[in-house]
Amino acid sequence: MRFIISVNRQAWLQPFACICMMPLLGALVTARASVVIPVDQIMNLAKTANDASAQYMLGQMYATGQGVTKNINEAIRWQAKAAEQGHPDAAFELGVMYASGTLVARDEQQAAIWYTKAAEHGNITAQVLMGEWYTNGRSVAVSLQDALHWYARAAEQNHIEAQYRTGMMYLNGSGTPKDYVAATKWLSAAADNNFPDAQFQLGRIYGEGLGRTINAKLAASWFQKAADQDLAAAQTQLGILYFKGLGVERNPREGAKWLRRASANGSYDARQHLERLERAAASEREEAKTAELQQQEARLLAKQKMEKAIVPTPPRNTAQETTPLMRAQTAAGQGARDDQYQLAHMYEFGQGVETNIPLAIRWYTKAAEQRQVEAQYRLGMLYTEGKHLPQDYAQASKWLRLAAEQEHRSAQTQLGSVYRNENNPARNYQEAQHWYLKAAGSGDANAQFALGMMLLEGAGIESNPAEAKQWLHKAAQSSHTDAQFQLANLALKERTIERDQPAAKEAIAWLRSAAEHNQAEAQYQLGELYLHGTLLGLDNTQGLHWIHLAADRGMREAQFALAEFMERSNKNPNDAATILQWYQRAAEQNHTEAQFRLGEHYAQGKGVKPDQTEAANWYQKAALAGHALAQYKLGVIYEDGVGFERNPREANKWLNAAARQGNAKARLRLSGCRTC
């Protein structure tokens, strides 16, 4: 009996064909054309010679039914034999089987065991997966130290995203003390491979002087590289640098251009900066208008005085003609602080008078200086938000503290947030905790939630999960939806949680409450539980309902999940255009897998007219984010000149990038196989 294997066509053989560790079968398999390998020879090597590569191949044959009768139990048995001998791909295949539940009953604990074995023997994908699982506590206890270990192992094998994640863990001190030298090393490795998030973080390191002297020019250079790849955060920072003339020549027009691009890419900070610029311009116009009104008022008063001097007017019953605005103006002018606050509020929100922000700020300040607590709070908020005043954390802290010391709960909470804000040069976690505690103790749900998250994450203070849950519970009982979601999420991450346990029922209740109050993450997670039948009965209708709500609220993960489910179910060919739209919405928010899928749709004409250039554009976005298959397809595009102009140098770059991440097709292509 002979078994014909086409290396070029059989995807299951490609990892085997590309691993240079086959002592007995290596001579039988080449990277090019089809080869003929006798099945009995493979079996003999697997059984008699105990050859791991032959055992791996035999397991693949039994799994696919090629050359032998399909037998899942035999597939698992031979894969396990190969894995126990240290064959990384065999261990990885077993991990995939148990994690996906495609050929065996789903068992993530078993998957973790096999993924770990694969990772220990150098399988890059398994190393990255275990890094993710230890980070998120998926089927293993959360351990940032273990996560860092596996990310670093993959990073050492030039896995771009692993290099980025390793760098970020050193940068943030996750699972290790902060180490800016190590962070810079790994982020530089990823950045040199055109990973935009790494380029952005390097910009931060040089711009903020983390572990080194500030170098604005280098910061601008890295922000520029990431901005050119459409990373909104980098575009925002680059825009700010152009406005300030830091590291680049000052150019407000160029700054506005980058801020607009960042805003179009969904950056909230960019929108805020643009709004502040517009408000500053509007404020100047308003001040000019106010000055003109004051001049007109002065001229009118002068004219009235002159007329009165010439023609005395009869006395009038002015009490009947006064308005709330006139009364507030009169009392405010006489120094009544509550009326000064009321007048400021009227000017800010256009209540009974035309909106006039400069006058509002003027009266807020007068009232605040007289210890009017609401005016102090409002002035602090204006400096925090940067809407009608330049954002100034020092001024915000000053006014919020004055209100907070008068037991204004919202001011106490906001003061805590100002001290916790990463953009505040005077950031102080201890002060943040102090003010959150005061407000939380008085029943402020926002403060209770913020305090709970600080204690949960150990953000600047010692982590205390038990106390964190207590504060989150208090906030959740006050209908704080983010607290409800966090409580549910914490419970759902417990490995031992089962459907009928009280903890599971409580978690679902919190999750449902948050979802019903339009908390997008809760809606998405509730939908996922229904779709997968986890802790809830399998119900596709309910699952899609909740995921659709989260997708409509702009959550990219929900948008992708909705498109993926519709595509996987494949019930209605008319859904193709809708599937494309959801992938598009997620892709536009930099969801890497959605960008790749969108490229596939344009390449294959699914739900849209085939467009190879558009496909190439989306493949490129995903490739820049480290997507191995997108890198491979982009390399082929550049090599063949379909979609983009032929460019052998770019083709080689992207094929090598994919090959470094273990893509077998890329390795074969690089070896000269043009039909791979």
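Only a predicted model underlies this, so the values are computations on that prediction, with no experimental measurement involved.
Side chain of Q391 to backbone of G386: no donor-acceptor contact under 3.5 angstrom is found. With R427 contributing its side chain and Y419 its backbone, the two residues share no donor-acceptor pair below 3.5 Å. A donor-acceptor pair is defined here as one N or O able to donate and one able to accept, closer than 3.5 Å; no such pair exists between the side chain of N489 and the backbone of F485. Although no hydrogens or angles enter the test, the distance criterion places no donor-acceptor pair under 3.5 Å between the side chain of S463 and the main chain of E457. No donor-acceptor pair under 3.5 Å is formed between the side chain of N193 and the backbone N or O of F195. Q612 places a side-chain N or O within 3.5 Å of a backbone atom of A603 that can act as its donor or acceptor partner. Side chain of R106 to main chain of A99: a donor-acceptor pair is present (N/O by atom type, distance under 3.5 Å, no hydrogens or angles). The backbone N or O of I579 lies less than 3.5 Å from no partner atom in the side chain of E567, so there is not a single donor-acceptor pair. Side-chain atoms of R660 never come within 3.5 Å of backbone atoms of H159 as a donor-acceptor pair (strictly under, hydrogens ignored). Side chain of T135 to backbone of G131: a donor-acceptor contact under 3.5 angstrom is found.
A centroid separation of 6.0 Å or more is found between the aromatic rings of Y170 and Y180.
Residues W258 and Q224 form a side-chain contact, since some pair of their non-hydrogen atoms from C-beta on lies under 4.5 Å apart. Residues V140 and D146 fail the side-chain proximity criterion, which asks for heavy atoms closer than 4.5 Å. Within the 4.5 Å cutoff, the side chain of Y242 has no heavy atoms near those of the L259 side chain. Between M555 and Q523, the closest side-chain pair of non-hydrogen atoms is not below 4.5 Å. Side chains of N446 and Q414 form no contact here, defined as non-hydrogen atoms less than 4.5 Å apart. Y632 places a side-chain heavy atom less than 4.5 Å from the side chain of L629. With contacts defined as side-chain heavy-atom distances shorter than 4.5 Å, the pair Y151/M169 qualifies. Q604 is listed as a side-chain neighbour of K606, based on a closest heavy-atom distance under 4.5 Å.
A450 meets the side-chain contact (heavy atoms from CB on, under 4.5 Å) test with R420, Y436; sequence neighbours excluded. Residues meeting the side-chain contact (heavy atoms from CB on, under 4.5 Å) test with Q631, sequence neighbours left out: I160, A623, A628, W654, A657, A658, Q661.
With values rounded to the nearest 0.5 angstrom, Y524 atom OH is found 6.5 Å from E557 atom CD. The CG atom of L246 sits 14.0 Å away from atom NZ of K217, with the distance rounded to the nearest 0.5 Å. Rounded to the nearest 0.5 angstrom, L580 CG and M566 CE are separated by 11.0 Å. To the nearest 0.5 angstrom, Q519 atom CD is 9.5 Å from Q525 atom CD. Here the CG atom belonging to L231 is positioned 6.5 Å from the CG atom belonging to N590, to the nearest 0.5 angstrom. Distance CG/N663 to CZ/R669: 11.5 Å, rounded to 0.5 Å.
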Candidate pair T166 and L148, rule side chain to side chain contact (heavy atoms under 4.5 Å, CB included), full reasoning
CA-CA 6 Å; T166 303; L148 176 60; 3.9 Å; yes

Determine whether Q199 and N194 satisfy the following criterion, side chain to side chain contact (heavy atoms under 4.5 Å, CB included), listing intermediate values before the conclusion.
CA-CA 7 Å; Q199 293 168 338; N194 286 322; 3.6 Å; yes

Evaluate side chain to side chain donor-acceptor pair (under 3.5 Å) for R212 paired with T184, printing each intermediate quantity in order.
CA-CA 10 Å; R212 63 189 61 246; T184 303; 3.1 Å; yes

Do E600 and Y583 pass the side chain to side chain donor-acceptor pair (under 3.5 Å) test, and can you show the C-alpha distance, the side-chain angles, and the key distance before you say yes or no?
CA-CA 11 Å; E600 293 281 84; Y583 276 141; over 6 Å; no

Passes side chain to side chain donor-acceptor pair (under 3.5 Å), Q559 versus R556? Steps please.
CA-CA 5 Å; Q559 292 164 348; R556 66 178 189 173; over 6 Å; no

Give the C-alpha distance, both sets of side-chain angles, the deciding distance and a yes or no for side chain to side chain contact (heavy atoms under 4.5 Å, CB included) between L655 and Y638.
CA-CA 10 Å; L655 289 173; Y638 275 118; over 6 Å; no

Determine whether R204 and L171 satisfy the following criterion, side chain to side chain contact (heavy atoms under 4.5 Å, CB included), listing intermediate values before the conclusion.
CA-CA 11 Å; R204 279 191 57 224; L171 184 64; 3.9 Å; yes

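Counting all heavy atoms, side chain and backbone alike, H601 lies closest to V608 at O-CG1, 3.9 Å. The shortest heavy-atom contact between L455 and A468 is CB-CB, 3.7 Å. Closest approach of G167 and L187 over heavy atoms only: CA-CG, 3.9 Å. Nearest heavy-atom pair, A587 versus W618, reported as atom, atom and distance to 0.1 Å: CB-CZ3, 3.6 Å. Closest approach of L274 and A256 over heavy atoms only: CD2-O, 4.3 Å. Smallest separation of non-hydrogen atoms from A551 and A558: N-CB, 3.6 Å.
Ion pairing of R153 with E156 is absent here, as no side-chain N (NZ or NE/NH1/NH2) approaches a carboxylate O to less than 4.0 Å. With respect to R138 and E108, a salt bridge is recorded, a charged nitrogen being found less than 4.0 Å from a carboxylate O.
Here the rule is ring pair (Phe, Tyr, Trp, His ring centres under 6.0 Å) with Y115, and of W133, W150, Y134 only W133 fits it.
The aromatic rings of F223 and F200 sit tilted relative to each other, their planes meeting at an angle between 30° and 60°.
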